[in-house]
Amino acid sequence: MAIKGNPGDNRSRGPASIVFVVGLCCFFYLIGVWQRGGFGKGNSRALQITKKAEDCSILSNLEYETHHGDQLEVKQFEPCGEQYVDYTPCHDQKRAMTFPKENMNFRERHCPPEEEKLHCLIPAPKGYITPFPWPKSRDYVPYANAPHKSLTTEKAVQNWVRYEDDLLRFPGSGTQFPYGVDAYIDQLASVIPMDNGTVRTALDTGCGVASWGAYLFKKNVIAMSFAPRDSDEAQVQFALERGVPAVIGVLGTIKLPFPLRAFDMVHCSHCLIRWTTNGGLYMMEVDRVLRPGGYWILSGSPINWRTNYQAWQRPKEEMEEEQRMIEEMAELLCWEKKYEKDEIAIWRKRVNYEYCSGPDSRVTLCDHSNSENIWYKKMEACVTPYPETTNSEQVSGGELKPFPERLNAIPPRIASGSLPGVSIESFQEDNKLWKKHVKAYKRVNKLLDTRRYRNVLDMNTGLGSFAAALESSKLWVMNVMPTIAERDTLGVLYDRGLIGIYHDWCEAFSTYPRSYDLIHANGIFSLYKDKCSAEDILLEMDRILRPEGAVIFRDHEDILGQVKTIVSGMRWKTKMVDHEDGPLIPKKVLFAVKRYWVVGDNSTILR
C-alpha cells in the first residue's frame, strides 16, 4: 500500500521538469509508432490507439523526475526457440505425461525444477496482431494469434469454433448450447436471479472455449472459467484471446485455488467431470467454494438419461445410478433441487445450516481452522461447515448487496470482524487511496480509458481496490492473492463481486503466453525479495504479457531501479515517475511497455 506523503508540495516546474515531460511524450509517441507499424502488424484499431497515445496533453499536470543511481550492466535476454511459442511451464505436455493419470493428477500443476527453467523470452507467433476490441473479440480471434485448427475439425460437429478467412469465429452454439448461448442463459435466468445483480460471480468448470462466460457479461455476471491443457489444448488460450477470464486448471487431486464461499454459482455443461468419483469428492469441493444461497448448474450427462443414454453411448443402468448418486450427494450437502428440464438441473445451496436436516453420520465436517490454507493442498472428503447464524433468516457468512452496489459496500468478512487487521475504516481508506492512484495512472497512460486493455492482471491484489477503481464494462481484472501475503483477503474480493485466484509468483502462472494486455505490480518485488529471483518473475511477466502490452510497477525506488535495469534487456521501454504526492515519497511508479516482436525478428534491431 502506498505511503501518504506531502500533498501540499507544489514546487514550480523548472526547465528540467519540462524536458522530462517532453521525454515522456516521446515515450508514448514510440508506443504509437510500434502500434502503427508493428513489424507488419498494423491495423485500423492500432491506428486509432496510436492517435490517442500521441496526445501529450495527458501529461500537462504531472511532474516527473528521473533518478540516477549506479549504472548496472544490462543483461540481454535472447528469444526462445519457435517451439516455445505456446509454452506453459507448469502445464507442459511432456512433463505431464510422467505423472499418474489417476484422478487427473497429470493435468494438474507440475512446475519445472530450477535447472529446467527457461531464461529466454517467449516469442509471439508470426503474424500476431493486437486482438480485436470487446465485444468483437468475443466472436472473432485472428488465427495468427492462436494458430490451432484441431477444435475446428475434431469438434466440428459441436460447433465450438470455425476457421473462416484467417479468423477463428466462435458461433456461441453447438452441442453445449443447441439454441445459442443467449437462449441457454435466459433459461437459467428463469430460475437464478441474474438480472438484478444478486448473482455476480460464477465458476465454469471444464469451460471449453468459455462461451458461457463470454455471454454472461451481458448480464453483468463475471465468470472464472477453467479447463485443462489436454488434447483440446487451445481451449483456455481461445478464451483469453476472446477477452474472457480463464485459467488452465482441472478438478483432480488438489483443491481449487479459490477461497471459501467465493462464487454465486458454479456451472458444468457437458464438462465430462465424473461428479460421483471418490464418494462425491468433487461435489464437496464445489460446495467449499459455493456461497450459501448459491447455485450449482449441471447440464448434460447424466441429466435426462432416459432420453439420451443411447446418444451418449452409455449403459442405461450406469447413467441412472450416476444421477441417483448425484442427487444423494446434493442432499447430503444440504442443496435443494430447484429445477430440472431437458438436460439442465439446478440446485441451490441452503442459506444457512438451520435449513439442513441436522448431523448425518455419512458426513464428516472439515477442520475449519485450516480452511484458507489451500495452495497445493489435497482435496478432503469432508463438508465445509457453514459460518454460524443466530436465526433461520440470516444468511450464513453475511448477506451481500446486489452488484454494482456490492463493489464498494462493506464486505461481510470485514463487517463481521473475521479478518484480523482489517477494519471498516481501513477498507474505506484503501478504497479511497486506490481511486487516487488509478486517477494518477490515467494521467500518464490515457489508454486506460479506452478499449485497448481488456485483460488486466493485478499481481498483488490486497483488498481489490485497484480493480474496483478500474471497474468498467471495457475490461476485467484477474486479481491474484500471493500465497506469501501477510494476510489472506481473497474472500473479500469475492464479497465485492470481483474474481481472483491464489498464486505463488516464484512459479509460472496457470495461463498461456500473451494472456494479458495490462499488468499491475504493486509491491510485488518487495514482497518476494529474498524469496525468489526478480529475473524469474519478470521473465514470467514477459511471457504472459501481450506484445505492446503495458505494465505499471509501484514499489520502492531502489527496487524499481533494479527492475528497470532487468527489463531494459527484455525489449521493454520504461519511464520512472514520482509518487503522485510528490518526489519526497520513497515509493515511485515505473511505467513499461513491451515492444512488438515475433518469431524470427532480429534481436539486435529490437534492443
### Query
Ion pair present between D264 and R200, side-chain N to carboxylate O less than 4.0 angstrom?
no
### Nearest-0.5 Å distance that lies between atom CH2 in W476 and atom CG in L457
8.0 Å
### Message
Checking D195 now: which residues fulfil side chain to side chain contact (heavy atoms under 4.5 Å, CB included) with it, not counting sequence neighbours?
### Response
A189, K219
### Side-chain touch L256/F226, heavy atoms, less than 4.5 angstrom
yes
#### Entry: Nearest heavy-atom neighbours spanning T276 and I326
CG2-CG1, 3.8 Å
### Message
Using only atom types and a distance under 3.5 Å, with no angle test, would you say the side chain of R95 pairs donor to acceptor with the backbone of P89?
### Response
yes
### Query
Does K349 make a cation-pi contact with Y355 (under 6.0 Å, within 45 degrees of the axis)?
no
### Message
Check for me whether K136 meets the cation-pi criterion with F132, that is, NZ or CZ under 6.0 Å from the six-membered ring centre and within 45 degrees of the ring axis.
### Response
yes
### Query
Is there side-chain contact between S225 and W212, with heavy atoms separated by less than 4.5 Å?
no
### Task
Using the side-chain contact (heavy atoms from CB on, under 4.5 Å) rule, take L527 and I484 through it: C-alpha gap first, then chi angles, then the decisive distance, then the call.
CA-CA 8 Å; L527 180 65; I484 65 168; 3.9 Å; yes
### Trace of the side chain to side chain donor-acceptor pair (under 3.5 Å) decision for Y339 with Q187
CA-CA 11 Å; Y339 179 87; Q187 185 176 357; 2.9 Å; yes
### Query
Can you tell if the side chain of W296 reaches within under 4.5 Å of the side chain of W275, non-hydrogen atoms only?
yes
### Message
Taking side chain to side chain contact (heavy atoms under 4.5 Å, CB included) as the definition, give me every residue that meets it alongside K337, ordered by chain and number, with sequence neighbours left out.
### Response
Q323, E327, E340, A345, W347
### Task
Could you tell me whether the side chains of E108 and T253 share a donor-acceptor contact shorter than 3.5 Å?
yes
### Query
Under 6.0 Å between ring centres, would you say that holds for H267 and Y184?
yes
### Task
Please collect all salt bridge (Lys or Arg N to Asp or Glu O under 4.0 Å) contacts where either partner lies in residues 505-515, sequence neighbours excluded, each pair once.
D86-R514, R109-E507
### Message
Please find the pair of heavy atoms, one from G497 and one from R406, that lie closest to each other, and give the distance.
### Response
N-NE, 3.4 Å
### Query
Near Q83 CD, under 6.0 Å, is it more than 12 heavy atoms from other residues, nucleotides or ligands?
yes
## Note on the structure
For F217, the ring-ring contact (aromatic ring centres under 6.0 Å, His included) test, sequence neighbours excluded, returns W134
### Message
Quick check: do T88 and T511 have side-chain heavy atoms less than 4.5 Å from each other?
### Response
no
### Query
Out of curiosity, L333 CG to R350 CZ, how far, rounded to the nearest 0.5 Å?
12.0 Å
### Set of side-chain hydrogen bond (donor to acceptor under 3.5 Å, both in side chains) partners for E320, sequence neighbours left out
none
### Task
Go through R288 and E380 one step at a time and tell me if the salt bridge (charged side-chain N to carboxylate O under 4.0 Å, His left out) criterion holds.
CA-CA 10 Å; R288 183 183 70 83; E380 300 175 87; over 6 Å; no
### Query
How long is the gap from CZ on R107 to CG on L251, to the nearest 0.5 Å?
15.0 Å
### Query
Is there side-chain contact between N391 and Q394, with heavy atoms separated by less than 4.5 Å?
yes
#### Entry: Cation-pi, Y163 ring and R169 (6.0 angstrom, 45 degrees)
no
### Query
So, do M283 and L332 sit near enough that their side-chain heavy atoms are less than 4.5 Å apart?
no
### Query
Sequence neighbours excluded, which residues qualify as side chain to side chain contact (heavy atoms under 4.5 Å, CB included) partners of E354?
N352, T389, S392
### Task
Please examine the side chains of Y494 and V492, heavy atoms only from C-beta on, and report whether any two atoms are closer than 4.5 Å.
no
### For E102, side-chain hydrogen bond (donor to acceptor under 3.5 Å, both in side chains) partners two or more places apart
none
### Query
Taking everything shown except K401 itself, do over 12 heavy atoms lie less than 6.0 Å from its NZ?
no
### Query
Does a donor on one side chain and an acceptor on the other come within less than 3.5 Å for R291 and T201?
no
### disulfide (SG to SG under 2.5 Å) contacts touching residues 296-345 (sequence neighbours left out)
C334-C356
### Query
For the residue pair N103 and Y282, what are the closest heavy atoms and their distance?
O-OH, 3.8 Å
### Query
Roughly how far apart are I544 CD1 and M459 CE, rounded to 0.5 Å?
6.5 Å
### Task
If the plane angle is over 60° it's perpendicular, under 30° parallel, otherwise tilted; pick one for W505 and F509.
parallel
### Summary
residues 242-329 vs disulfide (SG to SG under 2.5 Å), sequence neighbours excluded, gives C268-C271
### Query
Quick one: do the S510 and H91 side chains pair a donor with an acceptor below 3.5 Å?
yes
### Query
Between atom OG1 of T489 and atom CG of L463, what is the distance when rounded to the nearest 0.5 Å?
5.0 Å
### Query
Would you say the side chains of R543 and S515 form a donor-acceptor pair under 3.5 Å?
no
#### Entry: Under 3.5 Å: donor-acceptor pair, side chain of D458, backbone of N479
no
### Query
Is the closest side-chain donor-acceptor distance between N304 and E343 under 3.5 Å?
no
### Query
Got a second to check how far E285's CD is from M379's CE, nearest 0.5 Å?
4.5 Å
#### Entry: Any residue meeting side chain to side chain contact (heavy atoms under 4.5 Å, CB included) with P404, in chain and number order, not counting sequence neighbours
none
### Query
Which atom pair, heavy atoms only, marks the closest approach of R242 to A210?
NH1-C, 4.0 Å
### Query
So which heavy atom on G397 is nearest to which on R261, and how close?
CA-NE, 4.1 Å
### Query
Can you name the nearest heavy-atom pair linking H148 to A234, along with the distance?
CD2-CB, 3.7 Å
#### Entry: S137-R454 side chain donor-acceptor pair, cut-off 3.5 Å
no
### Message
Side chains of V289 and L260, heavy atoms from C-beta outward: is any pair under 4.5 Å?
### Response
no
## Note on the structure
The complete set of salt bridge (Lys or Arg N to Asp or Glu O under 4.0 Å) pairs with one or both residues in residues 271-282, sequence neighbours excluded, reads none
### Task
Taking atom NZ of K316 as the centre, report whether more than 12 heavy atoms of other residues, nucleotides or ligands fall under 6.0 Å from it.
no
### Message
Under a plain distance cut-off of 3.5 Å, with no hydrogens placed, do D504 and Y376 share a side-chain donor-acceptor pair?
### Response
no
### Message
Counting the benzene-type ring for Trp, do F263 and F258 have ring centres under 6.0 Å apart?
### Response
yes
### Heavy atoms of other groups near E399 CD, more than 12 under 6.0 Å
no
### Sequence neighbours excluded, every pair satisfying salt bridge (Lys or Arg N to Asp or Glu O under 4.0 Å) that has a member inside residues 408-419
R413-D495
